[in-house]
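Everything below concerns the one structure shown next.
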Amino acid sequence: MYRRKRRRIRRQLPLYAFLLAMLAFLLAFALPPDVPEEDGTEPLPVRSLSSVLPPEPQGVEPEIPDAARWNLALVNPWNTLPEDYAFTAAELTNGQKVDQRCYPDLQAMMNACRLAGLSPVICSAYRSYEKQEQLYQNKVDRLMAQGLSQSEAEASAGKTVALPGSSEHQLGLAVDIVDLDNQNLDESQEDTAVQKWLMEHSWEYGFILRYPAGKSEITGIIYEPWHYRYVGKDAAAEIHEQGVCLEEYLGASGRLT
């Protein structure tokens with residue numbers, strides 16, 4: 001009897017298996033899908049990086065270039081610096097300050113000039129926004145005292161003393177260098193031995209004569225044979241070879257139109 005019952009159970013096993021499969025199939029459709037609990041928020045849309053970043057400007061030189069181009073920052077009457085522009089300064093022996101990134105090349109240039117038997121003097125370097133504002137206003141006041149109207153005085157002053165925010169001295173990359181025997185900031189500087197040496201060799205140390213003769217319409221500043229600007233050795237070599245000013249080298253007039 002026991003054997004007959006075991007044989008009967010074995011014959012019924014396929015039926016049991018079929019019934020279990022059907023039950024599982026029905027349960028799968030009867031139960032809700034496995035979803036996370038609602039947290040009261042809506043899912044954020046998926047956005048590509050290009051939809052988050054602003055479009056890159058075309059054909060316009062930025063007022064403050066990125067860190068990789070700090071040495072080519074374009075500052076002139078049409079491209080100004082913010083009042084809070086900052087950099088790490090290195091102090092010269094006479095108390096003047098420059099951007100520490102140009103300090104080694106500046107020191108090398110001054111030492112080489114002295115080794116040539118000359119006596120260069122850095123009479124001006126970094127200026128704060130407040131200092132530049134003071135210099136500009138003093139120039140305006142002097143011109144008005146000579147009989148010019150305020151608008152006339154401001155227009156004239158801007159040709160020799162840059163408006164606050166538009167002076168390269170605020171970058172910490174510009175220095176006024178004169179000859180010890182002639183410390184006048186006028187065109188007589190071009191005839192001194194110091195300026196003749198600097199005009200010939202400054203590019204070797206990454207500096208250019210920033211406001212050369214015949215370029216005032218482009219730079220917005222009068223000819224200054226004493227104002228040198230650090231742009232880095234590669235750029236200085238190209239500017240020297242091409243005989244251009246910084247605005248021309250950057251491929252723009254300097255105006256943001």
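From a predicted model like this one, the values you see are computed outputs, not experimental measurements.
- Side chains of Y223 and E187: no donor on one and acceptor on the other come within 3.5 Å.
- Minimum interatomic distance between P120 and R114 (heavy atoms only, all atoms of both residues): CD-CG, 3.8 Å.
- Between L143 and A157 the shortest heavy-atom distance is CD1-N, 3.7 Å.
- Here M110 contributes atom CE and S119 contributes atom OG; the two are 9.5 Å apart, rounded to the nearest 0.5 Å.
- Residues Q132 and R127 have side chains that bring a donor and an acceptor to within less than 3.5 angstrom of each other.
- Using modelled atom types, one finds a donor on one side chain and an acceptor on the other under 3.5 Å when comparing N184 with N182.
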| Intermediate values then yes/no, side chain to side chain donor-acceptor pair (under 3.5 Å), Q170 and Y85 | CA-CA 8 Å; Q170 293 175 245; Y85 178 80; over 6 Å; no
inquiry  = What verdict does the side chain to side chain donor-acceptor pair (under 3.5 Å) test give for Q107 and Y103, after you've listed the backbone C-alpha separation in whole Å, the side-chain angles of each residue and the deciding distance to 0.1 Å?
reply    = CA-CA 6 Å; Q107 193 64 43; Y103 176 80; 3.3 Å; yes
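- Counting heavy atoms from C-beta on, the side chains of T160 and L185 never come closer than 4.5 Å.
- For the atom pair SG of C113 and CG of L118, the computed distance is 4.5 Å after rounding to the nearest 0.5 Å.
- Within 6.0 Å of atom CD in E241, 12 or fewer heavy atoms from other residues, nucleotides or ligands are found, so the atom counts as exposed in its surroundings.
- Within 6.0 Å of CG on D234 lie no more than 12 heavy atoms contributed by other residues, nucleotides or ligands.
- A donor-acceptor pair under 3.5 Å links the side-chain atoms of Q96 to the main chain of C123, judged by distance alone.
- L163 and L81 sit in two unconnected hydrophobic clusters of ILVMFWY residues. Membership requires side-chain heavy atoms under 4.5 Å apart, directly or through other members.
- Between E247 and K215 there is no salt bridge, since no side-chain N of the basic residue sits under 4.0 Å from a carboxylate O of the acidic one.
- The minimum heavy-atom distance linking M109 with W197 is given by the pair O-CH2, 3.7 Å.
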Residue pair V75, T80: steps toward the side chain to side chain contact (heavy atoms under 4.5 Å, CB included) verdict
CA-CA 6 Å; V75 178; T80 59; over 6 Å; no
Pairs of donor and acceptor atoms involving the side chains of residues 144-152, under 3.5 Å and at least two apart or interchain, shall be tabulated with distances.
from, atom 1, to, atom 2, distance (Å)
S149, OG, S151, OG, 3.3
S149, OG, E152, N, 3.2
S149, OG, E152, OE1, 3.2
Q150, NE2, E154, OE2, 3.0
E152, OE1, S149, N, 3.0

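- Between Y126 and F87, the gap from one ring centroid to the other is short of 6.0 Å.
- Note that CG of L209 and OG of S202 are 7.0 Å apart. Values are rounded to the nearest 0.5 Å.
- A salt bridge links E168 and R210; the closest N-O separation between the charged side-chain nitrogens and carboxylate oxygens is under 4.0 Å.
- Every residue two or more places apart in sequence or in another chain that forms a side chain to side chain donor-acceptor pair (under 3.5 Å) with Q195 is listed here: Q189, Y228.
- In terms of heavy atoms, D191 sits closest to K196 at O-CE, 3.6 Å.
- Side-chain contact between Y136 and P164 is present, with at least one heavy-atom pair separated by less than 4.5 Å.
- The aromatic rings of W203 and H240 sit parallel, their planes meeting at an angle under 30°, below the 60° perpendicular limit.
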Side chain to side chain contact (heavy atoms under 4.5 Å, CB included) between H201 and L198: does it pass, once the steps are laid out? CA-CA 5 Å; H201 297 286; L198 288 172; over 6 Å; no
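- In this structure, F207 and V231 have side chains that are not in contact, with every pair of non-hydrogen atoms separated by 4.5 Å or more.
- At distances below 3.5 Å, not a single donor-acceptor pair connects side-chain atoms of S167 with backbone N or O atoms of A162.
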inquiry  = side chain to side chain contact (heavy atoms under 4.5 Å, CB included) for L171 and D99? Distances and angles first, verdict last.
reply    = CA-CA 7 Å; L171 278 172; D99 188 317; over 6 Å; no
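- No donor-acceptor contact under 3.5 angstrom links the side chains of S166 and N76, judged on distance only.
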If you apply the rule side chain to side chain contact (heavy atoms under 4.5 Å, CB included), what do you find for L173 with V98, and how did you get there? CA-CA 6 Å; L173 300 176; V98 296; over 6 Å; no
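- When side chains are defined from C-beta on, M199 counts as touching E190, because their heavy atoms get closer than 4.5 Å.
- Across every non-hydrogen atom of W78 and I218, the tightest pair is CZ3-O, 3.4 Å.
- Side chains of V194 and I177 form a contact here, defined as non-hydrogen atoms less than 4.5 Å apart.
- If you chain together hydrophobic residues whose side chains sit under 4.5 Å apart, W226 and L106 never meet in one group.
- By the criterion of side-chain heavy atoms lying less than 4.5 angstrom apart, applied directly or through intervening Ile, Leu, Val, Met, Phe, Trp or Tyr residues, Y249 is grouped together with L74 in one hydrophobic cluster.
- Formation of a donor-acceptor pair under 3.5 Å by the E248 side chain with backbone atoms of C245 is found in this model.
- Side-chain heavy atoms closer than 4.5 Å link hydrophobic residues (I, L, V, M, F, W, Y) into clusters, and following such links, possibly through other members, connects V175 to W70.
- The two residues A174 and H227 make their nearest non-hydrogen contact at CB-NE2, 3.5 Å.
- Remark: the backbone N or O of I122 is not paired with any side-chain donor or acceptor of D176 at under 3.5 angstrom.
- V178 and L135 fall into different hydrophobic clusters, where Ile, Leu, Val, Met, Phe, Trp and Tyr side chains are chained together by heavy-atom contacts under 4.5 Å.
- Donor-acceptor pairing under 3.5 Å is recorded for the side chains of D105 and Y230.
- Residues forming a side chain to side chain donor-acceptor pair (under 3.5 Å) with D181 (at least two apart in sequence, or on another chain): none.
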